[in-house]
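A short worksheet on the structure shown next.
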Number of protein chains: 2
Amino acid sequence: MQMYTIGQMSDMFQIPISTLRYYDREGLFPGLERTSGIRKFSEKEAEALRVIDCLKRSGLEIREIKTFMEWCAEGSSTYKQRRDLFVRQEEAVREEMRRLEKTLAMIRYKQWYYEQAIKDGTEDRVRQIAPEEMPEDIRPLYELAFEDMKTDRKQTEKDS
Amino acid sequence: MQMYTIGQMSDMFQIPISTLRYYDREGLFPGLERTSGIRKFSEKEAEALRVIDCLKRSGLEIREIKTFMEWCAEGSSTYKQRRDLFVRQEEAVREEMRRLEKTLAMIRYKQWYYEQAIKDGTEDRVRQIAPEEMPEDIRPLYELAFEDMKTDRKQTEKDS
DNA sequence: CCTTGACCTGAAGTCAGGTTTAGGTTCTAT
DNA sequence: ATAGAACCTAAACCTGACTTCAGGTCAAGG
């Protein structure tokens, strides 16, 4: 079975050696082999790194990823827990994607806004434009970006 | 013109008072008014908070957002810089969304993987399945999640 | 009057996720 | 067999984005 040194892993995954050691310290490679102190990485740890990256991007912290890796080391008794984790993280990622869609809408609206300001030499006109008067392609951006602002107007007072 | 106290802003935006003061300290509200030391927030700062949230999600740091807010305070001479910033951040957000798409593909592949493992009582079979043998709806997930792994096989040696 | 609640400040503390440092050990090629 | 490259550890340090703390001001109501 192919084995790799920490330096080879670092090159292959473009991750600093110090980070790989940090991950090991945090318990992200349970059962990592060593020969006379030197770490021997295998395809198992390579796959772990891919999963670490995935779970990190999905919003998990290192400590939670450690828990997952421990489940992996425990074997078949934890399949359901592992599947359920991926189900939860799917929802987390989808929510983050919705937030990014709104962010993107705001960004594109602002691009248009400043294009207008540049053309006019001032923001005075564009600032006054109501959604209904905006170009077809801009209005939906505005609506999405600012959607939680129509209704929420006076939610500051009496909500019990 | 409607003015708000820091407490009202905190309620309206669901942001801790300590964070609003921190943002002020970091220069995110240039030209914020005060009467005898007490901050008076207006629609201007409300809009600033929406933009702060947007720019933060797009990946900017507080210091960079401060620069943007200073441009806003400088007036019409900075419209182009502000537009260009939003153009750059659009690209940043799109890239993050692509990464999340890959993350999601990996997550959904893993869900399927563990479903199989649960059915079989072991990972032994599912681990062996080549992309070509995977169900129609799973293969594309696998391909997307692991796409940088077919070609990159031996990029460790000689790349000049 | 005097207490209570909402505001203020500067400085220190926290937390996650690494990175750097200092001092050693092991491998590999000549 | 020896130099240099690549590895090791523990512990300190770093950064960003807040949060908490200790102590103080100020306006309004009982």
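Within every chain, numbering begins at 1; the chains are lettered A, B, ... in the order of the sequence lines, protein sequences first and strands thereafter.
- Taking the charged nitrogens against the carboxylate oxygens, A/Asp24 and A/Arg34 do have a contact shorter than 4.0 Å, which makes a salt bridge.
- Separating the CG atom of A/Asp11 from the C1' atom of D/dA5 is a distance of 14 Å, rounded to the nearest angstrom.
- A centroid separation of less than 6.0 Å is found between the aromatic rings of A/Phe29 and A/Phe41.
- In the hydrophobic clustering of this structure, A/Val51 groups with B/Ile129; members are Ile, Leu, Val, Met, Phe, Trp, Tyr whose side-chain heavy atoms approach within less than 4.5 Å, directly or through other members.
- Remark: A/Glu91 does not engage A/Arg94 in a salt bridge, criterion side-chain N to carboxylate O under 4.0 Å.
- When heavy atoms are screened at a 4.0 angstrom cut-off, B/Thr19 is found touching the sugar-phosphate backbone but no base atom.
- Mapping A/Thr5 and B/Pro16 onto DNA chain D by nearest heavy atom places A/Thr5 at the nucleotide closer to the 5' end.
- Listed by residue number, B/Tyr22, B/Tyr23, B/Arg25 are the residues of residues 20-49 of chain B with a heavy-atom contact under 4.0 Å to DNA chain D.
- Salt bridge A/Arg108/A/Asp137: absent, no basic N to carboxylate O contact under 4.0 Å.
- Note: CZ (B/Arg57) to P (D/dA17) measures 14 Å, nearest angstrom.
- Distance check: B/Gln111 CD to B/Ile138 CD1 gives 9.0 Å after rounding to the nearest 0.5 Å.
- Minimum interatomic distance between A/Glu61 and A/Glu64 (heavy atoms only, all atoms of both residues): N-OE1, 2.8 Å.
- First and last contacting nucleotides of DNA chain C toward chain A (any atom under 4.0 angstrom from a heavy atom, 5' to 3' order): C/dA16 to C/dC27.
- Electrostatic pairing of A/Glu96 and A/Arg99 counts as a salt bridge here, judged by a charged N lying under 4.0 Å from a carboxylate O.
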